[in-house]
Every structure is written in C-alpha cells, then in structure tokens.
Amino acid sequence: MTARRPLFTPFLRAEETIRITPTLARAGGLLAWARDFQLGTAGYRDLLDPGDLHNTEVPFNSLNVTVMLAARAQLALEEGLAHLHVGGEVRPHTQEFIDLAARLYAACGLCVHLRPEGCPTTPIWLSSFGVNHEELDGGENFTASHSQSYKGGWKPMDESGMQLLEMAGRIADRVRLLAERAAEEGLEIPLAAADDPLIVRDFDPVAAYADSLRAIVPADMLDGIAAAAARGFRTAICTEGGSMGAAARRVFAELGVGVDGDGPVFFTHEAESSDYHGIGILDGVNHGVDPGKWQVYKHVGAQDLLRERRADLVFIWDPDGDRFNMVTAAPAGLAERARAAGLEVDPLDDARVLVFFKPNQIYFMLAAARLESLHAAGTLGDDDWIVATSWPTSRSIGELAGAFNRLHGTRLHVFRVPVGFKHFGSLVADLEDQVLGSDPDDPDLTTRAVDATGTESVFGPRPRLLIMAEESGGAALGPDDWMLSRDEERATLAIKEKDGLQVGLVALGLGARLFAAGGSFAAFYLDRLDAYGIVHRFYERRDVTLFDESLRGAAREQARAEGNRRKAAAVAFFAALEGLAPAAVAAALRDRLPAGCGLPPVARCFRAGDGTLIEFEGCWFELRASGTDAVLRYYFEGGDAARVGELNAALIGLDLD
C-alpha cells in the first residue's frame with residue numbers, strides 16, 4: 001500500500017524529522033524488505049515507482065531508502081568517517097534521493113560533497129575517481145546503470161572509490177536491525193536543512209580526471225583524433241539521455257577534443273531524460289538501456305548516421321557511463337569473413353556493411369591496440385602488465401596476452417576475478433598495499449594474488465593494469481605509473497570502477513587511426529584474430545528471465561517466489577558438480593542431456609566466485625544468477641560457432657525440476 005503522506009519534503013530549507021512508526025513499518029512491508037536486503041554485484045537495485053517515490057508497493061521507496069541510508073550513516077560514524085560524496089544519474093527521483101541522503105548525513109554531522117550548481121548528475125566513474133582524488137572518506141551514486149527506468153539503484157563506495165566489500169554485509173545487517181526497531185518501537189531520523197553548511201557543492205574533479213586520461217591514452221593517439229577530424233572523421237555518441245553528455249563535453253574540452261561543428265565528436269539523445277528517450281522499449285517491452293543489447297544498439301539511429309555518412313562510427317554510453325558499445329561500417333567485401341569470425345553483420349549500402357561488436361570483442365581490440373602501442377614504444381617490458389577479466393569474460397583476451405608472450409618474450413600476466421567490478425578494485429587495492437607496504441629497495445620485492453580456485457599468480461615488483469574487463473560491457477585501464485590524489489596523500493594503480501569514458505576515448509583514438517589508414521574496426525579485429533592465433537572466437541550469453549520485475553504487490557511476490565525456486569534448482573544442480581572428478585561431472589550432465597547430444601571431455605568444474613564454471617576441452621561454460629536482474633545467465637565459448645550454440649541450448653534446457 002502507499003504511505004498516507006510523504007515521509008519528508010524534498011529540498012526543504014529547514015530541518016525536519018522522518019518518523020517511522022510501528023504502524024507505518026508494518027503497513028509499508030519494511031521487515032519483509034529488510035529481510036532480503038543485500039548489496040549485490042552492483043550495489044542495491046530494485047523496482048521503483050516513477051510517479052511516486054513514497055509508494056511502498058515497490059521496494060525502492062523513500063521508506064526503505066531512509067532506513068538504508070540511516071544504516072550507512074551509523075556505520076560511517078562508527079568508523080570515524082567525516083566526508084562523503086553523493087551523486088547520481090537521471091532516473092526518476094534521483095535528485096530527491098540525493099537530497100535525502102545529503103540531509104540525513106548532514107544531520108548526523110557528516111560533511112556531504114555534492115556536484116556544483118548546474119551539474120545535477122554524476123557518472124559513476126566521476127564519483128569513483130573523485131572520491132579517491134579529493135581524498136574523501138567514501139561516497140555513493142544513485143544509479144541502476146543500464147536497467148529499466150522503473151528501477152532504482154544505490155552504489156556506495158569506500159575511500160578509494162571502490163564498491164564496498166566487507167562493509168556491504170554490515171550495512172545489510174544494520175538495515176535489518178533498524179527495521180526491527182522501527183517495527184517494535186518506531187524510529188525518528190532527523191534531516192538537516194537542504195542548505196545546511198555541512199552540505200557543500202564542491203565535488204568537481206573533471207580537470208584532474210582529464211589529466212589522468214593523458215597517462216592512459218598516448219599523446220600521439222590524442223593528436224591523431226584531431227588530425228583525422230581535419231580530414232572529415234566524425235563519431236556520433238549516443239548518451240541515451242543519461243549523465244554522460246555534460247560530463248563528456250567538459251572532459252573532451254580539457255583534452256582538446258572538439259565537440260560539434262568541425263570537431264570529431266557530436267552527441268545524440270544528449271538531453272537528460274528520466275526515461276532515456278524511450279530507448280530499449282520495443283513492442284511494448286522495456287529491455288532496459290544496456291548498450292550491448294540489440295534492442296538498444298540497433299535502435300538508436302546508428303544505421304542512418306552511417307548510411308548517410310554523417311558519422312564514421314557510432315558509440316553508445318549507458319546512463320551512468322560505465323558501459324560502452326559501438327556500431328561501425330566496413331567494406332562489403334569483408335562481410336562473409338566477418339560473419340564467419342562471429343561478428344554480427346547487416347547490410348548498409350552497395351559498398352559497405354554494418355558491423356556490430358559485442359563488448360568482449362571491443363575489449364580484445366583495445367587490449368591488442370594497447371599492447372602493440374607499448375611494444376612499438378619499447379616500453380612493454382618496463383612493467384609487470386596484468387590482463388584482468390572476470391571469469392565469464394571471453395578467453396580471447398587472455399589468449400592475446402599469451403600470444404604476445406610467445407611472440408615477443410614478454411611477461412604479461414592473466415588474472416580472473418568473480419563478476420562485479422569491486423573484485424577488480426579489490427585486486428588493485430591488494431597490489432597497492434603490497435607495493436606501498438614494502439621496501440622499494442628490496443631486490444626480492446614481488447606481488448601476487450590468489451584467484452577463486454586457490455591458484456596463486458606472481459606478478460613482479462611493478463604491477464600495472466593493462467585492462468580490467470567484464471563481458472557485460474564494463475572495463476577500465478590503468479596507467480603505466482601511479483596516480484596521485486589532490487594533496488598526494490593517496491596513490492593508486494587504476495580507477496576502481498568501470499569507466500565508459502576512458503574506454504570510449506581509447507576507442508575514439510583507435511578509430512581515428514584506422515580512419516587515417518583507410519581501415520576499419522572489422523578488418524582490425526579479423527587481422528588480430530589470425531595474427532595471434534585466437535581459438536576462443538565464438539561467445540554466447542543467454543539470459544533466462546525468472547520473473548517480470550515490473551510487477552508490483554502480491555503478483556510480484558508470487559512471481560518472484562516461483563522465479564527464485566527455478567533459480568535455486570538450477571544453481572544447486574550445477575553447484576553440486578563443483579570439485580567433482582571430470583568423469584563424474586560428465587556423467588551427471590549426460591544423465592540430463594538429450595539423447596545424442598555429444599559432450600566434449602570435461603577438464604574441471606569449479607566455483608568461479610558466484611557461479612559454476614565447467615572447462616571442457618577447447619571450450620567452457622558457466623552458469624550464474626545475475627546480481628542485478630532477475631535472470632539466470634548461461635555462458636558458453638569455444639572455437640566452433642554451431643557447437644557453442646548447440647551445447648549452450650542443451651545445458652539451458654536441462655530438466656532440473
């Protein structure tokens with residue numbers, strides 16, 4: 001049911017108190033919500049009502065968010081934190097939730113750092129970078145990333161700009177404690193005035209962020225963008241009505257990358273829109289705004305822009321700027337070769353075809369371009385470069401590193417982490433601690449990390465992050481030297497959050513280089529597959545929906561219960577295979593597979609963080625439940641497209657009831 005009256009008055013320039021009576025707590029379903037509350041792979045994400053932030057028929061409402069923020073504030077004070085940043089993107093009620101957080105924290109004595117007047121939104125990478133650079137004690141961003149506009153989200157981070165790990169569980173526990181207290185005796189939560197002196201609008205690390213990009217994107221690549229623009233090179237960037245337009249304009253200005261006019265970049269869907277200009281809604285179904293979904297990348301106008309030669313490339317950023325994709329054109333003569341290599345190809349005109357890339361393929365190209373650039377400069381061997389991916393990300397990127405080692409005698413390292421960018425952040429933080437906590441003159445100094453299987457990797461004394469990539473569309477790159485914070489109190493090896501602007505800038509530089517040489521991304525990708533002998537070329541992820549997340553009330557709870565039952569059955573079946581002998585894994589699968597479905601030899605089956613991964617001879621499979629959406633994700637990759645599709649379909653179709 002809907003609360004009888006608003007819990008608070010947004011943007012009120014006076015103190016007020018939120019009173020959660022036991023009656024309100026019970027009527028609003030606070031205890032039931034708190035029981036299941038957790039911070040997942042991307043913080044907290046759930047259904048909201050775009051028309052009413054106080055509606056308790058949906059989970060992401062002012063009542064629940066107030067308790068969540070109160071838990072965060074209490075723990076912040078207990079940990080001695082004093083300065084927090086709060087930002088957010090464009091989805092419904094974001095500014096109201098930012099106001100609620102700022103005033104609740106200020107009433108607790110915490111200093112809150114918001115964006116300056118006239119800058120209402122904050123991409124997630126700017127929040128992450130800025131918290132670390134400005135030497136704050138932590139921060140958070142109200143974002144549900146690429147999810148539908150009827151979902152709300154909250155992503156808290158620590159002082160380094162990394163999503164919370166250990167603190168996440170403590171916040172969930174405190175939420176349950178406060179919910180129980182509210183149901184038993186009530187809660188009173190004070191809010192400061194919106195213009196309280198502890199709420200300051202000074203969070204603006206754009207110039208420093210742009211400087212950090214110069215340590216990642218080579219100067220000749222940046223110069224090449226302007227040179228290509230002088231010859232007519234243009235890239236259209238769809239921002240989906242999210243937070244990226246305003247921020248990217250300022251970053252590009254700092255870097256001398258022209259926007260509009262004769263510049264190499266212009267934006268589409270730039271005006272901020274809480275429903276993302278309807279992108280991702282097809283035939284009445286809202287698919288969200290993930291740039292990696294065909295419902296998005298084939299429906300943002302890219303075909304017309306390329307066909308009419310108004311753009312040479314079309315990039316897409318999601319609303320909070322952590323995901324990136326692109327649509328390109330290539331000579332028609334490459335069409336069959338591109339299809340045979342697993343690229344998605346559509347007709348364009350008599351001379352050209354459209355070539356669509358998936359994030360895995362983009363990150364393979366960016367890693368290859370970066371490695372080749374470092375090798376050409378003669379500096380690749382100066383550092384201990386690490387190619388880091390999540391477990392269900394394409395193995396082609398790791399193969400690339402192995403090929404470089406064979407061809408050039410380099411010592412590139414490959415390391416895999418569970419899904420969730422916080423695990424990349426944890427890897428980076430651990431490496432930083434090892435180096436900064438050691439004697440720099442120690443001749444035996446080295447660094448190491450242990451993966452989810454218990455395997456230890458030894459990296460060397462100068463670890464650097466070549467790329468950190470997740471198949472879902474998020475990645476970041478690290479510089480070749482330490483990045484220092486504003487007053488040089490902190491040093492970091494890489495940003496600890498996905499950074500779509502960083503990735504987009506590198507792609508823009510590579511695109512300009514290919515334009516100048518008369519090439520294409522398709523040709524570049526195909527040439528690198530062959531040059532480096534890549535086996536894992538065909539990748540498939542199929543998402544099986546568990547229930548309709550747009551449902552509300554009793555209908556939602558019933559559908560959710562049935563979906564969770566199906567999820568539990570699938571997860572339990574595959575989890576039971578972990579650690580078994582390969583023959584036992586194969587036997588268990590064959591018992592449930594259709595007759596005649598041949599299974600490649602099993603090499604091993606193990607827990608890959610939050611999913612079960614089975615390595616077959618020449619291919620691999622993983623099943624995991626999404627931490628952000630009500631879906632089961634089935635991944636398969638190998639060297640034969642038909643076989644990949646056949647085996648993934650067979651494993652999805654297992655009778656597990």
Side-chain angles (χ1 to χ4, degrees), residues 337-338 340-343 357-375 380-381 384-419 424 427 449 451-453 455 457-459 464-475 477-478 503 506 510 521-541 600-604 606 608 613-622 635-641 643-645 647-648:
R337 187 178 164 210
L343 293 174
F357 289 90
K358 292 293 193 289
N360 279 319
Q361 297 160 335
I362 295 171
Y363 301 142
F364 171 84
M365 290 189 289
L366 298 188
R370 194 171 194 204
L371 287 171
E372 291 170 4
S373 178
L374 289 167
H375 178 66
L380 187 57
D384 300 304
W385 288 102
I386 302 168
V387 174
T389 65
S390 61
W391 283 104
T393 296
S394 174
R395 299 289 174 92
S396 64
I397 303 170
E399 281 190 82
L400 173 67
F404 249 79
N405 288 340
R406 291 193 304 273
L407 292 170
H408 304 298
T410 50
R411 56 177 189 274
L412 301 171
H413 307 274
V414 177
F415 193 80
R416 296 185 177 92
V417 303
V419 172
F424 290 111
L427 169 66
D451 70 17
T453 70
T455 302
S457 295
V458 178
F459 302 125
R464 301 291 186 268
L465 281 302
L466 186 100
I467 192 168
M468 300 174 285
E470 287 196 317
E471 61 79 28
S472 57
L477 298 85
V503 169
V506 176
L510 178 56
F521 272 103
F524 182 86
Y525 179 74
L526 295 170
D527 290 347
R528 270 57 185 182
L529 286 182
D530 293 340
Y532 298 116
I534 302 302
V535 173
H536 291 88
R537 301 184 178 205
F538 303 101
Y539 182 100
E540 179 179 280
R541 186 187 94 184
V602 175
R604 64 171 177 162
F606 58 93
L613 198 148
I614 305 174
E615 290 182 344
F616 298 101
E617 197 172 279
C619 54
W620 61 270
F621 163 84
E622 183 173 353
Y635 310 84
F636 212 107
E637 186 180 36
D640 184 297
R643 192 76 172 123
V644 164
L647 287 169
N648 206 18

Non-hydrogen side-chain atoms of [X] and [Y] separated by less than 4.5 Å:
{"X": "Ser396", "Y": "Asn360", "answer": "no"}
{"X": "Ser457", "Y": "Ile386", "answer": "no"}
{"X": "Arg337", "Y": "Asp530", "answer": "yes"}
{"X": "Arg643", "Y": "Pro600", "answer": "yes"}
{"X": "Leu371", "Y": "Leu400", "answer": "yes"}

Where [X] and [Y] come nearest, the two heavy atoms and their spacing:
{"X": "Thr393", "Y": "Ala469", "result": "OG1-O, 3.4 Å"}
{"X": "Ala531", "Y": "Leu407", "result": "O-CD1, 4.4 Å"}
{"X": "Pro418", "Y": "Ser390", "result": "O-CB, 4.2 Å"}
{"X": "Leu412", "Y": "Ala401", "result": "CD1-O, 3.8 Å"}
{"X": "Leu465", "Y": "Ala388", "result": "CD1-CB, 4.4 Å"}
{"X": "Gln361", "Y": "Gly342", "result": "NE2-O, 3.4 Å"}

Practice problem: Take Tyr363 and Thr389, measure what side-chain contact (heavy atoms from CB on, under 4.5 Å) needs, and give me the verdict at the end. | Solution: CA-CA 10 Å; Tyr363 301 142; Thr389 65; over 6 Å; no
Any residue meeting ring pair (Phe, Tyr, Trp, His ring centres under 6.0 Å) with [X], in chain and number order, not counting sequence neighbours:
{"X": "His408", "value": "His375, Phe404"}
{"X": "Phe524", "value": "none"}
{"X": "Trp391", "value": "Phe606"}

Quiz item: Looking at Tyr525 versus Phe364, is the centre-to-centre ring distance below 6.0 Å?
Solution: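 Distance test on ring centres: under 6.0 Å, yes.
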Between [atom1] on residue [X] and [atom2] on residue [Y], distance to nearest 0.5 Å:
{"X": "Met365", "Y": "Phe521", "atom1": "CE", "atom2": "CZ", "result": "5.5 Å"}
{"X": "Ile534", "Y": "Leu526", "atom1": "CD1", "atom2": "CG", "result": "12.5 Å"}
{"X": "Arg604", "Y": "Leu613", "atom1": "CZ", "atom2": "CG", "result": "8.0 Å"}
{"X": "Leu427", "Y": "Phe415", "atom1": "CG", "atom2": "CZ", "result": "5.5 Å"}
{"X": "Leu374", "Y": "Arg464", "atom1": "CG", "atom2": "CZ", "result": "12.0 Å"}

Practice problem: Sequence neighbours left out, what passes side chain to side chain donor-acceptor pair (under 3.5 Å) with His536? Give chain and number order. | Solution: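 Per chain and number, His536 pairs via side chain to side chain donor-acceptor pair (under 3.5 Å) with Glu399.
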Exercise. Could I get the full list of side chain to side chain donor-acceptor pair (under 3.5 Å) partners for Thr410, not counting sequence neighbours?
Key: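 So Thr410 forms a side chain to side chain donor-acceptor pair (under 3.5 Å) with Asn405.
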Practice problem: Apply side-chain contact (heavy atoms from CB on, under 4.5 Å) to Val644 and list each qualifying residue two or more places apart in sequence or on a separate chain. | Solution: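 With sequence neighbours excluded, Val644 shows a side-chain contact (heavy atoms from CB on, under 4.5 Å) to Phe538, Glu540, Phe636, given in chain and number order.
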Practice problem: Output yes when a side-chain donor or acceptor of Arg370 lies under 3.5 Å from a complementary backbone atom of Leu466, and no otherwise. | Solution: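 Here the side-chain-to-backbone pair exists.
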Exercise. Look at the side chain of Glu637 and the backbone N and O of Arg395, then say whether any donor-acceptor pair between them is shorter than 3.5 Å.
Key: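 Between the backbone of Arg395 and the side chain of Glu637 there is a qualifying donor-acceptor contact (under 3.5 Å).
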Exercise. In sequence, state the C-alpha distance, the side-chain angles, and the governing distance for Trp620 and Glu622, and then conclude on side-chain contact (heavy atoms from CB on, under 4.5 Å).
Key: CA-CA 7 Å; Trp620 61 270; Glu622 183 173 353; 4.0 Å; yes
Practice problem: Determine whether more than 12 heavy atoms belonging to other residues, nucleotides or ligands lie under 6.0 Å from atom CD of Glu372. | Solution: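 Yes, because the 6.0 Å sphere around CD of Glu372 holds more than 12 heavy atoms from other groups.
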